[in-house]
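Okay, structure first, notes after.
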Amino acid sequence: MTLTHCLLLASFLFCVGVYGLLTRRQAVAVLLSLELMMNAANLAFASFAHFKGGPGQVFVIFALAITVAEVAIGLALVMLLYRRYDDTALDRASEAKG
Amino acid sequence: MSAWLHLFTLELAVVAIALLVLLWDAFAPAAGRAVGWTTALLLGGVFAASFFVDGRGTVPHGVFVRDEWVVFHERLFLAAGILGVLGSIDWLATRTPKRQAEYYALLLFSLAGMMLLAGARDWILLVTCFELMSMPLYVLCAYGKQDGPASEPKLAAEAGLKLFITGAASSGLTLFGLALVVGMTGTTHVGGIGANPAPLTIVGMLFVLAGFGFKVGAVPFHMWVPDTYQGAPTPFVAFLSVAPKAAGLATLAIVLLGGWSADSSVWLPVLLVLAGASMVVGNLFALPQTDARRLLGFSGVAQIGYALLALGAMSRGGLAMTLFFVATYVFTNLGVFFVLHAAAEEGGGHSLARIAGLSRRSPWLGGALLVFLLSLAGIPFVAGFWAKLFVFMEAWNAGLVGLVVLGVALAVIGLYYYLTVARSTYMADGDRTTPVPTGFALRAAILVCLIFVVGLGLWPRPLVEAADRAAAGIVSGR
Amino acid sequence: MNALFVLAALVTAFAAVLVVAGKNLVRAVMALALALLGTAVVYALLDASFLAGVQVLTYVGGVVTLMIFGVMVTRRHEGANAPAERVHGFRGLVIAAGLFALLAWAVMESDLDRGAPPIFAPETTRSLARSLLDEHLIAFEVVSLLLLAAILGAVVLARRRDGRDAGSELLAAATREAVESQTQGEPVEAAGSARGGAAR
Amino acid sequence: MNHLLAWIVAAPAIAAAVLLVLPDSARLPIRLVSLIGALASFAGSVVVAVDYDRVAGGMQMAEEWSLVPSLGISLKLAVDGWGVPLLLLTGVIIVTGVLASWGVTKRGKEFYLLLLVLVSGVFGVFVSQDLFVFFLFYEIAVLPMYLLIGIWGASHEVPQRGPFGFAWKRFAVGGKEYAAMKLTLMLLVCSAAILVAMFLLWKEAGGKSFDLAHLEATRFSLATQNWAFPLLWLGFGTLAGVFPFHTWSPDGHASAPTAVSMLHAGVLMKLGAFGVMRVGMVLCPDAAASWAWLVGGVAVVNVLYGALCAASQTDLKYIIAYSSVSHMGVVMLGAATLTTTGWNGAVYQMFAHGIMTGLFFALVGLVYERAHTRAIAKMGGFGHVMPAVACFFTLACLSSLGLPGTAGFVAEFLVFLGAAEGAHSWWAVPAVIGAVVTAVYVLRACKTIFWGPPPTGEFAHLTDARSTEWVAPIVLGAALILFGFWPRFLLDFIDVASSTFLARIAPFS
């Protein structure tokens with residue numbers, strides 16, 4: 001177990017999240033992908049903190065709080081959209097031209 | 001109390017107003033315009049106080065610095081906030097008379113986030129302030145959800161979700177990038193990056209920049225802009241289109257010129273490419289638009305390109321002129337959206353045909369719109385001219401001749417679509433002839449914007465000097 | 001310890017892939033929970049026991065529950081078998097793979113594992129708490145504002161004009177559906193899965 | 001009198017500001033305020049002409065306010081020998097223009113407001129001694145055109161023909177909105193070019209000041225000059241109708257309402273030529289000398305091509321508009337000679353053509369208001385029903401073809417003389433041919449419209465000029481003859497300035 005390994009794992013998680021973000025078209029699934037990205041960031045913070053020291057963990061605490069707030073807002077928006085469209089597929093939610 | 005609390009007087013005041021408004025509504029729900037006017041007046045008081053509160057200093061550990069830079073931004077954001085509140089009063093009072101307080105409270109939270117952001121010199125504070133600024137915006141974007149004409153609430157919810165997803169994704173990018181940067185440098189201080197040529201630091205910083213790029217709506221992170229502008233309630237779009245962008249640019253300036261200037265050879269090409277691409281894409285995509293708000297969305301992308309160009313000059317003068325540009329853009333764009341809102345309010349929809357014959361119906365509104373459009377286009381004797389001019393000059397001085405020529409050429413293309421809007425206003429005949437009904441608050445907001453745009457056009461010197469003082473806080477020397 | 005890390009890493013990565021690859025939203029949420037748990041194990045291996053605890057409590061306990069709630073609210077018609085629609089699959093794959101290649105290159109190039117371990121002062125839970133309330137006090141306060149704004153925003157979004165909240169609306173919808181399906185003599189779940197299968 | 005120049009520039013603007021608060025319905029007050037603003041400027045110009053010391057020459061009546069010290073922009077006003085006749089010209093044209101458009105009823109307030117703002121800009125250009133302020137005023141003079149043409153203009157009524165007729169219809173070519181947009185965009189693209197050139201010069205002169213005197217004192221490197229001069233030539237020259245960038249001008253002039261056509265063809269195109277000479281040639285003398293072959297060659301093309309185009313038009317306004325292109329070619333030709341005689345001729349031609357074309361457009365507007373057509377083929381024998389108009393039109397035609405005794409003769413004669421003196425004496429030949437072609441088409445137009453058998457049918461009851469309509473023909477016609485017989489008066493002013501400026505160029509040509 002080295003820093004390189006941990007960072008590769010974090011990078012992998014992040015890129016999987018990016019892939020989901022780009023390809024999934026259900027709002028909830030997009031939220032899940034976002035969670036993966038945030039989690040990857042936290043893992044990277046913690047890995048650096050363990051192997052190199054420094055202020056990684058305290059950053060994770062703040063990142064967690066931010067994530068939680070984002071999830072709350074995100075889900076509320078998803079529900080709102082669902083009420084409007086009876087569906088959460090983003091492609092159908094496309095009144096805007098362009 | 002600690003010795004540094006007075007540095008946050010204005011921010012605390014803004015938060016206090018937000019809480020006051022919330023409590024007022026909780027215990028004595030007030031319909032009508034009382035809440036809005038109170039908020040606006042109290043914010044006005046805070047704005048006035050900013051000229052008397054003379055707190056300059058640094059918080060222990062250097063996480064927050066209040067200097068001329070912060071003072072300038074505080075005033076800019078407060079002005080945008082006051083105008084944003086003023087512009088919303090009539091709309092809220094008629095559309096959602098029972099649900100007004102939350103709107104103002106959220107707006108004020110966002111405002112507090114921006115004001116703190118300008119002084120943050122620590123990654124953790126920077127990120128949390130950024131989120132405090134963004135989070136309420138997602139909600140406000142969907143605020144008009146249950147009201148208005150048939151197609152509007154759907155658009156508002158969709159706009160909110162689009163803004164949220166791009167915003168959250170950019171936060172994810174920023175955080176991951178910061179993980180790498182903070183890990184490599186071992187400090188959360190923004191200035192701690194120094195000259196650190198390790199690939200991981202550079203990749204991390206590029207991630208961070210991409211995250212901020214989303215927020216300011218620069219190409220290629222601009223795709224949310226037109227959709228959101230079209231969908232969200234117009235008085236809010238007015239605020240959204242200026243204040244967060246100004247805050248995002250301020251952050252970019254802090255990070256790039258304040259923290260990472262040692263490795264400018266890495267990010268400068270990226271920044272310049274983004275600036276050029278924003279100018280090109282924004283101006284060209286605005287051409288075929290028929291919805292005024294989408295048109296202004298792309299125009300906003302183009303304007304960000306000009307601002308980034310001045311930032312790319314990497315000098316005190318360039319930064320000062322970025323600030324000047326942003327400040328004029330704030331007043332101009334607020335004004336444009338307010339006029340559009342006034343013109344479209346009675347029947348919904350913002351296609352260019354809606355404002356046909358506006359100058360016949362309400363000559364003052366039409367004239368104001370013309371002035372704002374000319375300012376966006378950069379025509380002499382309105383503020384936007386000096387803004388563009390200064391930006392191009394500083395970029396020229398920094399040797400970015402090619403981009404300046406490109407920018408000048410594109411500015412002319414920009415003129416075409418701004419004139420198209422002016423043509424609808426002045427030459428086309430609309431189906432109505434009665435004056436546009438506008439509330440007092442909205443008229444006041446438009447008037448204030450107008451005074452600033454024309455006043456700065458005739459006498460730009462005070463703002464130039466203020467911007468220069470502010471820029472000295474980030475970039476020392478000439 | 002190394003074996004445990006490899007196991008946790010593999011589980012986490014596999015679960016992450018499941019999150020974005022699966023067609024079933026509920027399973028995707030469960031996979032996310034697994035990925036987050038795996039991450040918590042890695043935290044524990046990284047001597048970040050406090051983080052591991054927080055991860056399990058807030059993430060797995062809170063966020064995932066919230067997600068499932070969200071799935072349920074928005075997917076009541078199709079039950080658990082919501083089709084996961086997907087667009088630009090190839091483009092997304094290219095971008096993600098490119099990004100990973102860039103990151104992996106940067107990680108390898110930076111020569112991270114050489115030199116003495118902790119270069120900077122290590123963090124303990126005590127130092128964590130201290131820096132949280134000393135150096136980062138302002139950020140801490142800002143986060144409290146942020147959470148207040150988030151709560152306020154969520155309430156604003158979820159509330160309807162007539163004053164009913166999302167919960168009562170959900171309840172009403174579920175009741176209506178149950179009544180409908182019973183009058184058709186068909187259990188709710190079966191209807192959902194049948195429709196989900198058709199969509200597939 | 002203190003700040004005389006500032007008052008001349010400000011008077012129309014102040015009148016415009018007063019208009020802003022007047023109600024739309026107050027027709028007469030609106031017109032009176034406009035007229036007073038215009039008259040005040042004109043009176044100021046006359047005072048300047050009287051007070052200017054023709055023997056001493058140079059910049060006089062200077063005044064200065066600092067505007068943006070960090071860039072060295074200041075509002076510095078002064079008048080030189082070239083400025084005096086052009087101030088007089090502008091004053092005359094705006095006064096007669098306001099009177100000629102006395103009958104504008106559609107959105108009258110806004111019309112006069114924009115007209116006055118535009119004139120303010122024109123006055124400003126002629127008296128600015130700061131390059132940047134020069135540019136600012138130039139922009140003010142150009143921009144209101146968009147609305148003036150777009151709202152009050154008239155669309156082309158002769159149907160589009162020819163191989164590209166369908167395309168012209170598709171893009172509404174000939175429509176007033178098309179004309180307005182084309183004019184504005186072309187001129188603003190050129191403004192951008194001017195701006196770039198300005199900054200090239202400013203930077204090399206030390207980046208401290210835009211003061212023209214300061215810039216003149218700098219000898220710019222050849223490379224800078226060779227970049228800046230073509231930019232300035234095309235930038236300003238487009239407004240002067242330099243071929244092939246003249247295409248905005250016929251469309252714009254033909255679409256614009258009477259007073260705007262008068263101002264635009266009469267004064268605004270002169271801004272372009274003035275800019276090329278005052279900024280381009282004076283600040284970049286070496287480049288001006290080395291590019292003179294091109295400037296002059298294009299000017300010759302202008303003269304000939306404009307005349308031929310005018311000869312083939314069927315729309316009266318287009319004829320006059322193309323004749324402006326041709327006559328502005330004469331101005332540019334005079335400028336390109338780089339001789340005192342040629343420059344005197346160029347500036348004199350600016351004045352003479354301004355007066356003449358103002359008279360033309362005033363009369364065309366008058367005819368159009370009565371006959372409601374601009375197609376020559378439909379008209380004929382109008383001289384029988386409007387004899388005075390016919391006389392004045394004939395006078396303008398005679399000046400246009402350069403008949404001795406009219407101002408046009410003096411100007412063209414000086415230019416041709418200058419061309420013969422200069423380095424490329426063959427220029428005089430095609431230019432004279434152009435003058436001959438001009439004679440053909442103006443006389444033919446004049447004959448078709450005014451002379452011949454008396455009109456019948458709908459045109460039988462046309463009337464001659466009335467009340468305020470008399471002012472423009474009489475004043476402008478008198479000026480044409482006066483300055484045809486007494487060129488000394490203006491040439492004294494012009495000559496002293498031309499010699500001063502040429503002194504910078506002479507050693508290099």
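Every chain is numbered from 1, with letters handed out A, B, ... down the list of sequences.
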### Message
Go through it in stages, so that I can follow the logic: the residues are Thr128(B) and His136(C), the test is side-chain contact (heavy atoms from CB on, under 4.5 Å), and I'd like the CA-CA distance, side-chain angles, deciding distance and then a yes or no.
### Response
CA-CA 11 Å; Thr128(B) 43; His136(C) 301 298; over 6 Å; no
### Region of Thr188(B) in contact with chain C, defined by heavy-atom distances below 4.5 Å
side chain
#### Entry: Nearest-0.5 Å distance that lies between atom CG in Leu125(B) and atom CD in Glu135(C)
10.5 Å
### Under 4.5 Å from a heavy atom of chain C, the part of Phe207(B) involved
side chain
### Message
Heavy-atom cut-off 4.5 Å, strictly under: side chain, backbone, both or neither for Val127(B) against chain C?
### Response
neither
### Task
To the nearest 0.5 Å, tell me how far Leu12(B) CG sits from Glu141(C) CD.
9.5 Å
### Leu157(C) to Ala142(B) - nearest heavy-atom pair and separation
CD2-CB, 3.9 Å
### From Leu102(C) atom CG to Leu206(B) atom CG, the distance as rounded to the nearest 0.5 Å
8.0 Å
### Query
Which bit of Leu108(B) comes within less than 4.5 Å of chain C, counting heavy atoms only: side chain, backbone, both or neither?
neither
### Phe140(C) atom CZ: more than 12 heavy-atom contacts under 6.0 Å
no
### Query
If you look at every heavy atom in Val203(B) and Ala106(C), which pair is closest and at what distance?
CG2-CB, 3.7 Å
#### Entry: Interatomic distance, Leu200(B) atom CG to Leu103(C) atom CG [nearest 0.5 angstrom]
8.0 Å
### Atom pair CZ (Phe109(B)) and CG (Leu148(C)), whose distance is rounded to the nearest 0.5 Å
4.0 Å
### Proximity breakdown for Leu126(B) and chain C, heavy-atom pairs closer than 4.5 Å
neither
### Side chain / backbone / both / neither for Pro136(B) at chain C, heavy atoms under 4.5 Å
side chain
### Message
Measuring from atom CG of Leu132(B) to atom OG of Ser144(C), what distance do you get when rounded to the nearest 0.5 angstrom?
### Response
9.0 Å
### Message
Check this for me: Phe100(C), atom CZ, are more than 12 non-hydrogen atoms of other residues, nucleotides or ligands nearer than 6.0 Å?
### Response
yes
### Query
Most heavy-atom pairs under 4.5 angstrom with chain C, which of Met135(B), Glu102(B), Glu131(B), Met133(B)?
Glu102(B)
### Task
Mind listing the closest non-hydrogen atom pair of Leu152(C) and Ala105(B) along with its distance?
CD2-CB, 4.0 Å
### Query
With a 4.5 Å heavy-atom cut-off, do Trp4(B) and Ile138(C) have their side chains touching?
yes
### Query
What part of Tyr103(B) gets closer than 4.5 Å to chain C, counting heavy atoms only: side chain, backbone, both or neither?
neither
### Message
Quick check on Leu137(C) against chain B: is it the side chain, the backbone, both or neither that has a heavy atom closer than 4.5 Å?
### Response
side chain
